[in-house]
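Just so you know, ligand 1 is whichever comes first in the structure, and atom 1 is the first atom listed for that ligand. Hydrogens, waters and symmetry mates are skipped; everything else that's a heavy atom, side chains included, is used.
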Amino acid sequence: MKAAVYKGIGQIEIEEVEKPRINSSEALVKIEMAGICGTDVKTFVRGGHPMFQPPCILGHEFVGRIVEVGENIEKDFTEGTYVIAPYIGCNKCEACREGKSELCKNKYATGGAFAEYVTVPEEILKRAAFRVPDDTPKGVMVLAEPLACAIHGIERANIKPHKRFLLWEVGQWGVY
Ligand SMILES: [Zn+2]
Ligand SMILES: [Zn+2]
């Protein structure tokens with residue numbers, strides 16, 4: 001399959017790589033669309049993310065169609081189902097137990113989505129994969145993960161209606 005392989009700061013190359021094979025507890029998803037996250041940009045521009053050491057395939061905001069399901073997958077995801085399947089915390093470490101799974105160092109993640117296929121582990125299918133109706137615009141569904149991040153941030157900041165707040169956005173402060 002083709003994949004955009006991150007080779008180091010400022011270097012991404014389209015390469016032919018081996019198509020991932022699933023084990024009995026994974027599903028294979030054909031990527032329909034993948035978003036570019038701030039994390040991908042930061043990794044590409046500054047090389048700074050411990051989770052993504054080159055060479056690797058970036059991309060974790062995606063919508064895709066299940067094309068193969070391992071025999072141990074119990075949840076009702078069948079071939080042809082469209083899914084979004086973000087990374088999730090381990091639910092066991094200190095950060096996860098404090099409700100800060102975004103800081104979990106043992107995250108369950110799929111392969112990088114800047115590729116034709118990714119494998120999705122059972123744990124993600126069980127806890128975090130969402131079925132997408134076939135006719136939903138894929139350009140909308142691919143934004144589910146960044147939307148969830150924004151909602152989570154607003155909840156954590158405890159922003160209430162009619163309150164003013166200060167926001168750092170793309171290099172500048174704004175008062176709202
Ligand atoms: Zn993201
Ligand atoms: Zn954890």
Item to check | Trace of the salt bridge (Lys or Arg N to Asp or Glu O under 4.0 Å) decision for Glu15 with Lys2 | outcome: CA-CA 6 Å; Glu15 287 186 351; Lys2 284 209 165 31; over 6 Å; no
Item to check | Contact check: Glu61 to the Zn ion (ligand 1), N/O/S below 2.8 Å | outcome: yes
Item to check | ring-ring contact (aromatic ring centres under 6.0 Å, His included) against Tyr117, all qualifying residues, sequence neighbours excluded | outcome: none
Checklist entry - Is the side chain of Glu13 donor-acceptor paired with the backbone N or O of Tyr6 at a distance under 3.5 Å, no angle test? => result no
Checklist entry - Short check: any N/O/S atom of His60 below 2.8 Å from the Zn ion (ligand 1)? => result yes
Checklist entry - Counting N and O atoms only, with roles assigned by atom type, does the side chain of Lys138 sit under 3.5 Å from a partner on the main chain of Thr136, one being a donor and the other an acceptor? => result yes
Checklist entry - Protein N, O or S atoms at less than 2.8 Å from the Zn ion (ligand 2), how many? => result 4
Checklist entry - How wide is the angle at the Zn ion (ligand 1) between SG in Cys37 and OE1 in Glu145, to the nearest 10°? => result 150°
Checklist entry - Are the side chain of Lys126 and the backbone of Pro121 linked by a donor-acceptor contact shorter than 3.5 Å? => result no
Item to check | Euclidean distance, Arg97 CZ relative to Asn91 CG, rounded to 0.5 Å | outcome: 10.5 Å
Item to check | The single option from Val45, Asp40, Thr39 passing side chain to side chain contact (heavy atoms under 4.5 Å, CB included) against Thr43 | outcome: Thr39
